[in-house]
Amino acid sequence: MLGLVLLYASMALISNGIARVCNIDSRSQSVMNIFVGGLSLICNIVVIIHGEYLNNHADFYASATGLLFGFTYLYIGINGIFNLDQRLYGWYCLFVTINSVPIGLSSLMNGEITTHYNWAFAVMWWLWGGIWFTAWIENVLKKPLGKSVGYISIFEGIVTAWIPGVLLLTGLWH
């Protein structure tokens, strides 16, 4: 499931970045975010049910971290359509940023809590935490960061989502 969600999350990150760099309106960008957020929500609910059925706590961890993404994309999509106040989204992003630190650390540990024990996932989580942090800076602190966030989003979409997603789906990365 992770490869599937990463593949589509890459497109959301890349299209969000392109929308930012090219000044594309938020309503247009919302479509992909709702598709990806909905896919993530469905996939993670399936994993929760699977974990409950098998009493597998690793499934709950995977779902909890996956839903951080799903809710992010749904939040961006809904906010874009209805032009809502972005401050609460910014606070949500700070929550996710804070969570990215221990999640990244857990990726380095060999333990029962996660199935990904390598440095690559740790770095990916910390990079994602960085982009979530930019949303807090812009939406809560009201400090515009300009097009740099768009370029970061495109970079992270390719490096932290698309490439790992394809590698996972093709069985080249376990």
Would you call the rings of Y75 and Y92 parallel, tilted or perpendicular if under 30° counts as parallel and over 60° as perpendicular?
tilted
Solution key, residues 96-104 side-chain donor-acceptor pairs under 3.5 Å, sequence neighbours excluded:
| unit_1 | atom_1 | unit_2 | atom_2 | d |
| --- | --- | --- | --- | --- |
| T97 | OG1 | C93 | O | 2.8 |
| T97 | OG1 | G129 | O | 3.2 |
| T97 | OG1 | F133 | N | 3.1 |
| N99 | ND2 | F95 | O | 2.7 |
| S100 | OG | T97 | O | 2.6 |

Partner set under side-chain contact (heavy atoms from CB on, under 4.5 Å) for A64, not counting sequence neighbours:
none
Side-chain donor-acceptor distances from residues 154-168 under 3.5 Å, at least two apart:
| unit_1 | atom_1 | unit_2 | atom_2 | d |
| --- | --- | --- | --- | --- |
| T160 | OG1 | W128 | NE1 | 2.6 |
| T160 | OG1 | E156 | O | 2.5 |

OG of S107 to CH2 of W126, rounded to nearest 0.5 Å, is 8.0 Å
Enumerate, atom names and distances included, each donor-acceptor pair closer than 3.5 Å involving a side-chain atom of residues 9-19, sequence neighbours excluded.
| unit_1 | atom_1 | unit_2 | atom_2 | d |
| --- | --- | --- | --- | --- |
| S10 | OG | L7 | O | 2.4 |
| S15 | OG | M11 | O | 2.9 |
| S15 | OG | A12 | O | 3.3 |
| N16 | OD1 | Q29 | NE2 | 3.0 |
| N16 | OD1 | N33 | ND2 | 2.8 |
| N16 | ND2 | A12 | O | 3.2 |
| N16 | ND2 | N33 | OD1 | 3.0 |

Inter-residue atom distance T72.OG1 - Y89.OH, 0.5 Å rounding:
5.5 Å
Determine which pairs satisfy salt bridge (Lys or Arg N to Asp or Glu O under 4.0 Å) with at least one residue from residues 158-174, sequence neighbours left out, and list them in order.
none
What residues form a side chain to side chain donor-acceptor pair (under 3.5 Å) with N55, not counting sequence neighbours?
none
When hydrophobic residues are tied together by side-chain contacts of less than 4.5 Å, even through go-betweens, does L41 share a cluster with L6?
yes
Are more than 12 heavy atoms, taken from residues, nucleotides or ligands other than K143, located less than 6.0 Å from that residue's NZ atom?
no
How would you list all residue pairs meeting side chain to side chain donor-acceptor pair (under 3.5 Å) that involve residues 35-54, not counting sequence neighbours?
S40-N44, H50-D59
Once rounded to the nearest 0.5 Å, what's the spacing between atom CZ of R20 and atom CG of L145?
7.0 Å
Please enumerate all residues that pass side chain to side chain donor-acceptor pair (under 3.5 Å) together with N139, with sequence neighbours excluded.
none
Connected-component partners of F35 among ILVMFWY, side-chain separation under 4.5 Å:
V31
Any pair counted as salt bridge (Lys or Arg N to Asp or Glu O under 4.0 Å), so long as it reaches residues 84-93, sequence neighbours left out
D85-R87
Between I152 and I137, is there a shared hydrophobic cluster once you connect ILVMFWY residues whose side-chain heavy atoms come closer than 4.5 Å?
no
Excluding V47, membership of its hydrophobic cluster (Ile, Leu, Val, Met, Phe, Trp, Tyr; side-chain heavy atoms within less than 4.5 Å) reads M1, V5
Please determine whether residues V21 and V149 belong to a single hydrophobic cluster, defined as Ile, Leu, Val, Met, Phe, Trp and Tyr linked transitively by side-chain heavy-atom distances below 4.5 Å.
no
If two hydrophobic side chains count as joined below 4.5 Å and joins carry through other members, does Y8 share a cluster with V46?
no
Worked verdict on R27 versus N83 for side-chain contact (heavy atoms from CB on, under 4.5 Å):
CA-CA 8 Å; R27 287 182 51 176; N83 197 27; over 6 Å; no
For S148, enumerate each residue passing the side chain to side chain donor-acceptor pair (under 3.5 Å) test, keeping only those at least two apart in sequence or located in another chain.
none
Between L74 and W136, is there shared hydrophobic-cluster membership here, with clusters defined by ILVMFWY side-chain heavy atoms closer than 4.5 Å?
no
Please determine whether side-chain contact (heavy atoms from CB on, under 4.5 Å) holds for the pair I131 and T134, giving the CA-CA distance in whole Å, both sets of side-chain angles, and the decisive distance to 0.1 Å.
CA-CA 5 Å; I131 201 162; T134 65; 3.9 Å; yes
